[in-house]
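Below is one structure, written out as structure tokens; the observations come after it.
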Amino acid sequence: MGVLSELELKNAKPKADRYEMKDGKVDGLWVRVTPNGVKSYVLKYRFEGRSLRLSLGHYPDLSLGKARLLAQEARGKIAVGVDPQGEKKKERRKLSDRVDGLVEQFIEAECKGQSFAKNGQPKWDSWKLVERSLNEYLVSQYGTRSVHHVTKADIRSALRRIVIKGYPQAANTAFWYMRAFFNWCRKEDVIAVSPCDGLENPAPIKSRERVVSDVELAAIWMGCEGVGYPFGSIVKLLVLTGQRRTEVAAMRWSELDLENATWLLPGARAKNNELSVVPLSTLAVLVLQSVPRLNDTFVFPARGNEESHFSGYAKGKKALDGKVKIEGKVLENWTLHDLRRTLATNLGERQVPPHVIEHILNHSAGSMSGVSKIYNRYAYNKEKREALEVWSDHIGGLIKQAAQRKPLAA
């Protein structure tokens, strides 16, 4: 294999699955490229009979030349019997055991470019959400404190404040992020025991049952027209496909075949880690055809960051809420996830079989038992397409009625 060049590294495009490129100049130096487009240098080596990896940094923050120097320096240590990874961990702990510094390292090392779908970890919508929550609810109160001095009582107190403010579900989410952070600290041998161990969710997990009515659906669609690209287009696709918000927002052009009206959602991006073929209805294809191609990778790229996808859900939802009105009143108490439940409910009312609906939603096991799922590998693509086309026709009718300002039956 030839020597990796700076130009090759710069032009390396993300794929559906994570892949690695060998440097070819420094033994063991690789560049890992994630589906989110994050490029990081990794040195693979053996020490005392174990295969290990040492993270060196991210491109373009770290140039290829600098990464080679760091890799050669690490290999020099290995040659004299020093494990550079172990040394790095010790140095990290020497630098700081403060909560704020460790949270920063946690975000950088574990959240950026990671799906968190393995080892029972939760799967984040965006590392920025994790960072914002930890900074607001943990770092703001205990940031200057040693991580060794954060107690169960401190965690309970922080979460109780969120609940008292009237945000019980935000408290649950903050707890999950804190628990993941402290588990990482334990994994890195910074602490022996997590202060989250033995604690339960600060508030009951509320299962929503909201199904959006036809009147509301029409108002949401018209609101999307007012908001426009990108968020309006994203929400329209949520309405039409029933997929999860991050799956739509992180959609790649390479996953789409508009000519055959198909979206191939790779397992690496799906919540259940399973490949899903999403048939695109006539209306969904029209929505995608109207989307400007501003980025070679992402259908909905992040503003100011070509290597990431749209993640401004809160800001987008706030703008959309201002446009969604029924009889002059703003529509309240609805979420993007309600659109997924609405599609499923409406398909059920139209006598679409439960297992077909489950396949549309790309649930892990659907309505089949584990044994049935193992032996029944049929994907129901034909049935999914027919169901989603029926749903598309229904939405089209609602749009036409709304445009003509005719009363809709709720």
Side-chain angles (χ1 to χ4, degrees), residues 8-21 31-40 58-61 107 111-117 123-132 224 227-271 273 275-280 283-317 319-320 336 339-340 362:
E8 287 177 301
L9 179 55
K10 179 181 178 181
N11 292 334
K13 300 297 183 183
K15 300 179 181 178
D17 296 314
R18 187 180 71 181
Y19 69 96
E20 295 180 335
M21 300 185 297
V31 176
R32 183 171 55 200
V33 183
T34 72
N36 287 340
V38 177
K39 302 170 186 176
S40 54
H58 293 87
Y59 176 86
D61 298 333
I107 297 298
C111 298
K112 290 185 178 181
Q114 300 293 325
S115 68
F116 275 72
K123 185 172 183 179
W124 315 128
D125 287 334
S126 164
W127 63 266
K128 292 181 180 179
L129 299 178
V130 188
E131 182 179 52
R132 187 182 306 124
C224 290
V227 170
Y229 174 89
F231 194 68
S233 302
I234 290 172
V235 176
K236 285 180 180 180
L237 291 172
L238 293 177
V239 170
L240 294 166
T241 67
Q243 303 308 297
R244 300 172 179 90
R245 70 176 191 179
T246 304
E247 293 167 353
V248 172
M251 182 185 287
R252 273 78 161 165
W253 289 111
S254 60
E255 299 168 357
L256 297 173
D257 182 352
L258 296 186
E259 186 175 342
N260 292 302
T262 301
W263 170 24
L264 192 64
L265 179 61
R269 292 211 306 104
K271 185 176 182 180
N273 291 323
L275 174 73
S276 176
V277 177
V278 183
L280 296 171
L283 197 49
V285 170
L286 288 174
V287 171
L288 286 166
Q289 286 176 338
S290 71
V291 170
R293 189 152 186 162
L294 305 178
N295 183 286
D296 290 336
T297 302
F298 297 106
V299 179
F300 304 106
R303 178 178 291 182
N305 183 1
E306 294 185 353
E307 296 187 353
S308 186
H309 60 80
F310 177 91
S311 61
Y313 306 109
K315 187 175 180 180
K317 178 66 161 54
L320 179 58
L336 296 181
L339 302 176
R340 184 170 159 86
N362 199 22

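Source: prediction; values computed, not measured.
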Backbone N/O of Glu247 and side chain of Arg269: donor-acceptor pair under 3.5 Å: yes
Distance, nearest 0.5 Å, that separates CG of Leu336 from CZ of Phe231: 4.5 Å
Heavy-atom side-chain contact between Ile234 and Arg245 under 4.5 Å: no
Side-chain donor or acceptor of Lys236 paired with backbone N/O of Leu288 under 3.5 Å: no
Step-by-step side chain to side chain contact (heavy atoms under 4.5 Å, CB included) determination, His309 to Thr246: CA-CA 9 Å; His309 60 80; Thr246 304; 4.2 Å; yes
Trp263 (side chain) donor-acceptor with Pro279 (main chain) under 3.5 angstrom: no
Sequence-distant partners of Phe300, ring-ring contact (aromatic ring centres under 6.0 Å, His included), two or more places apart: Tyr229
Gap separating the CZ atom of Arg303 from the OG atom of Ser311, nearest 0.5 angstrom: 12.0 Å
Donor-acceptor pair, side chain of Arg340 and main chain of Gly242, under 3.5 angstrom: yes
Nearest heavy-atom neighbours spanning Tyr313 and Ala249: OH-CB, 3.4 Å
Lys13 side chain to Asp296 backbone, donor-acceptor under 3.5 Å: no
Where Gly37 and Glu307 come nearest, the two heavy atoms and their spacing: O-OE1, 3.8 Å
From Phe310 atom CZ to Asn305 atom CG, the distance as rounded to the nearest 0.5 Å: 13.5 Å
CG on Leu256 to CG on Leu265, rounded to 0.5 Å: 10.5 Å
Any donor-acceptor N/O pair, Ser276 side chain to Val278 backbone, under 3.5 Å: no
Value rounded to 0.5 Å, distance of CG in Leu264 from CD in Glu255: 7.5 Å
Minimal non-hydrogen separation, Thr262 against Asn260, with atom names: OG1-O, 3.0 Å
side-chain hydrogen bond (donor to acceptor under 3.5 Å, both in side chains) against Asp61, all qualifying residues, sequence neighbours excluded: none
Heavy-atom neighbours of Gln289 CD exceed 12 at 6.0 Å: yes
Atom NZ of Lys317 with >12 non-hydrogen neighbours under 6.0 angstrom: yes
Pairwise side-chain contact, Leu320 with Cys224, heavy-atom cut-off 4.5 Å (strictly under): yes
Shortest non-hydrogen contact between Ala12 and Tyr19, atoms and distance: CB-OH, 3.7 Å
Worked verdict on Val38 versus Val33 for side chain to side chain contact (heavy atoms under 4.5 Å, CB included): CA-CA 6 Å; Val38 177; Val33 183; over 6 Å; no
Distance (rounded to the nearest 0.5 Å) between Leu240 CG and Leu286 CG: 9.5 Å
Sub-4.5 Å side-chain heavy-atom contact between Val287 and Leu280: no
Pair Val235-Leu339, side chain to side chain contact (heavy atoms under 4.5 Å, CB included): steps then yes or no: CA-CA 9 Å; Val235 176; Leu339 302 176; 3.8 Å; yes
